[in-house]
Undergrad: 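This is the structure I have questions about; it appears just below.
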Amino acid sequence: MVTPEPLADRRARWAVMRAIVAKDLIAVRRAKAVVIPMLAVPILLMVLLPFGVGLAARSQQNPDVGRILGSMPGDLAEPILSLPDHEQLIVLVNGYLLAPLFLIVPLMVSAVLAADAFAGEKERKTLESLLHLPIPERDLFLAKLASAFIPAIAVSWIGFAAFCLVANGVAWPVMHRVFVPTQLWMVMIFWVGPAVATLGLAVMVRVSARTKTAQEANQLGGAVILPLIFLSVGQSSGLLLVTLPIALGIGAAVWVIALLLVRGGLKRFTRDQLAARV
Amino acid sequence: MPAVIEAEDLTRSFPSGVALDGLSLSVDRGEVLALLGPNGAGKTTTVRLLNGILRADRGRATVLGLDPAVDGDGVRRRTGVLTEHAGLDERLTARENLELTARMRGIDRTVAARRTTDLLERFGMADRADLPVQGTSTGQRKRLALARALLHDPDVLFLDEPTSGLDPAATRDVVELIGALASEHGRTVVLCTHFLGEAGRLADRMAVLHRGVLHAFGRPEDIAADLWDGLDARLDVGGQLGEDAARAVLGLPGVAGVAPLPEGAMVRVADREVLPVVVRTLVEAGVPVYGADARPPSLEDVYFAVEARIAATEGREVTPRAADLLGHRDGGW
């Protein structure tokens, strides 16, 4: 018979996990080498690029996007072709073609931070004292996942909010309406993005536990993460052209894979394995 | 006195070889045990096994009545560890390091803050409390790490090389702190070190490890009794002892040997009671005795003698210090 954990114990364990996450977040916030690329890349991809592209698209007189739209499979181009001509380019670029960037950002940030989760602690010689604390292995693993997941999602969502402001702002003279986010954008940002981030960090935390330095973890994990990035880039524009149920289904599939990887990591994660490599 | 730590046949291997091979020992409540041995002797592995962060391949242990392999978190809740590297996050301040560790130990936020402030005061770090650890000296880091090990007032302290990398003044500070901590509330301390001075000052018993094998375990005087018969007494007669006087001393009951020294002689006596008879005999023979000192061998003497015995068993060259000790006590009479 499984006895449910008393509420007080569960609260105490949550408090411990929150403390681990708080420690990691403070440390990340103070590491310029991590913060600068973590903010610079999203600012470039989610703010400056849509702004520049929007301005360029806006200045085009009667742009011909028929060739691009014609190369899209089946009736995927239909939602764009149904728009007035002067709106097509800006919607195509800022509404569809930039979509891949929104999966790259959470994947990249979570992977970088997850690589540091255990390998970074080893490098800084702080891992052993962490292992000597009375924290259940499961909680330690999950807290380390959360330490990478929270900033990745925060950067991604804040970046998306900024993108919406910029994309709509720059397109206003042409569109005279808010065109992002659409329902499909919301699904991608709030459902598929976190799933992709979880997938990346589930891989990277496991790699991080087996390597000695964060750099080594990044190199080894990159072999898995890079194909994931290419896959995301390839598929995410298409995600905005499918129906809502299909997009939700794709997100669910990514979540299932990510959570299976997390569960696998939890099963294999032991103090002994980490301490033997310190 | 009840044993707080018990290990029986504790064994652990890594791909690189056997780190600990059949360790059996016990540590009593309130005792300071010095785990001695060169690098790679198995000291750190012992601590990791006793605190349940490594699993033994063979054997078992209990710490405070709990099996670290079964209830590691239970053990860790009642033990504090100072790792060889202080293990502080350099990006955090001294206060953040302590306070967040307390919270990671499950201590309530308010209590954690209060305890942190108290410990920073006690360890003389209050003025650096809100500065990043990055700029602090090795000695200050060790003090902070010691403070961190005490956040939850543990019953057992594992101290792994607490003075490595410290200058003499910082070493003295840390040794004094450890001495004070060991005498508090019957706290048990396991001190891993290869610095014999601090071990000699602090330890009640010693365990000598070499390549994962325990070669000696007990009070220094008991180990010494196994190594040598009797006590060495240094006699100062203001110059080398004459042959007639040496023969007279050697003829006394309880005297096992006499060896010349520049200032007098080294006399091996069965126990301290023989020494006054030696002094009286010399004085009656007209030899002035300026000093007579019968001291039990120090922990350092015992350690080097054990090391020498290990080296001899392994057919290795004996270090000059060990050779001197062995020769002095065993062969130079």
Side-chain angles (χ1 to χ4, degrees), chain A residues 5 8-35 116-118 120-140 142-144 146-147 210 214 269-278, chain B residues 12-16 19 44-45 47-57 68-69 71-93 96-97 99-109 112 132-134 141 145 148-149 151-152 154 158 160:
Chain A
E5 194 180 16
D9 287 1
R10 216 180 315 154
R11 277 196 186 138
R13 287 175 64 178
W14 271 109
V16 168
M17 289 167 73
R18 278 203 306 273
I20 299 171
V21 174
K23 189 204 94 167
D24 284 355
L25 292 185
I26 294 172
V28 163
R29 222 174 51 211
R30 293 196 186 142
K32 280 184 192 151
V34 178
V35 171
D116 189 70
F118 292 108
E121 298 261 13
K122 271 181 228 170
E123 230 175 328
R124 294 187 293 276
K125 303 193 187 305
T126 51
L127 181 62
E128 192 180 354
S129 38
L130 183 67
L131 296 178
H132 278 295
L133 295 175
I135 305 167
E137 283 160 5
R138 177 184 170 277
D139 295 359
L140 184 57
L142 291 178
K144 284 292 183 185
S147 297
R210 284 168 173 75
F269 178 78
T270 63
R271 264 192 170 76
D272 184 274
Q273 180 201 65
L274 279 176
R277 290 186 170 97
V278 170
Chain B
R12 172 68 196 229
S13 300
F14 296 109
S16 54
T44 302
T45 302
V47 169
R48 290 177 183 170
L49 285 166
L50 291 175
N51 212 33
I53 73 165
L54 280 178
R55 296 276 181 130
D57 298 333
D71 188 7
D73 285 330
V75 171
R76 288 186 287 273
R77 262 188 276 279
R78 296 176 61 188
T79 60
V81 181
L82 170 68
T83 53
E84 184 178 357
H85 303 284
L88 299 158
D89 199 315
E90 299 204 336
R91 298 167 294 185
L92 270 55
T93 66
E96 285 166 343
N97 264 291
E99 213 170 304
L100 284 164
T101 302
R103 285 171 53 198
M104 285 193 266
R105 281 196 160 277
I107 298 172
D108 170 78
R109 199 183 276 253
V133 167
Q134 202 156 27
R141 285 173 199 223
R148 187 182 57 183
L151 281 163
H152 54 301
F158 293 109
D160 195 357

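Just so we're on the same page: letters track the sequence lines, and every chain starts at 1.
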Undergrad: Can you tell me if B/T83 uses its side chain to pair, donor with acceptor, with the backbone of A/E128 under 3.5 Å?
TA: no
Undergrad: Taking side chain as everything from C-beta outward and backbone as N, CA, C, O, which of these in A/L130 sits under 4.5 Å from a heavy atom of chain B? Side chain, backbone, both or neither.
TA: side chain
Undergrad: Under a 4.0 Å threshold between the charged nitrogen and the carboxylate oxygen, would A/K125 count as salt-bridged to B/E84?
TA: no
Undergrad: Among A/A27, A/A143, A/A15, A/S129, which residue has the highest count of heavy-atom pairs closer than 4.5 Å to chain B?
TA: A/A27
Undergrad: What part of B/I107 gets closer than 4.5 Å to chain A, counting heavy atoms only: side chain, backbone, both or neither?
TA: neither
Undergrad: Using non-hydrogen atoms only, which part of B/T45 is less than 4.5 Å away from chain A: side chain, backbone, both, or neither?
TA: neither
Undergrad: To the nearest 0.5 Å, how far apart are NE2 in A/H132 and CZ in B/R105?
TA: 10.0 Å
Undergrad: For A/A275 and B/R48, work out which heavy atoms get closest and say how close.
TA: O-NH1, 3.5 Å
Undergrad: Please give me the minimum heavy-atom distance between A/I135 and B/D73, naming the atom from each residue.
TA: N-OD1, 3.4 Å
Undergrad: Let me know if B/R78 has heavy atoms under 4.5 Å from chain A in its side chain, its backbone, both or neither.
TA: neither
Undergrad: Please report the shortest heavy-atom distance between B/I53 and A/L131, naming the atom on each side.
TA: CG2-O, 3.2 Å
Undergrad: Who among B/R77, B/H152, B/E90 has the most heavy-atom pairs with chain A under 4.5 Å?
TA: B/R77
Undergrad: So which heavy atom on B/L92 is nearest to which on A/I26, and how close?
TA: CD1-CG2, 4.1 Å
Undergrad: Kindly give the heavy-atom pair with the smallest separation between B/L100 and A/A22, and that separation in Å.
TA: CD2-CB, 4.1 Å
Undergrad: Examine whether an atom of B/R109 lies under 4.5 Å from a heavy atom of chain A, and if so say whether it belongs to the side chain, the backbone or both; otherwise answer neither.
TA: neither
Undergrad: Is it the side chain or the backbone of A/A12 that comes within 4.5 Å of chain B heavy atoms, both, or neither?
TA: neither
Undergrad: Does some side-chain heavy atom of B/H85 sit less than 4.5 Å from a side-chain heavy atom of A/V278?
TA: no
Undergrad: Where is the tightest heavy-atom contact between A/R271 and B/G52, given as atom of each residue plus distance?
TA: CD-O, 4.2 Å
Undergrad: Out of curiosity, B/R103 CZ to A/I20 CD1, how far, rounded to the nearest 0.5 Å?
TA: 11.0 Å
Undergrad: Just by modelled atom types, is the B/R91 backbone N or O under 3.5 Å from a matching donor or acceptor in the A/R30 side chain?
TA: yes
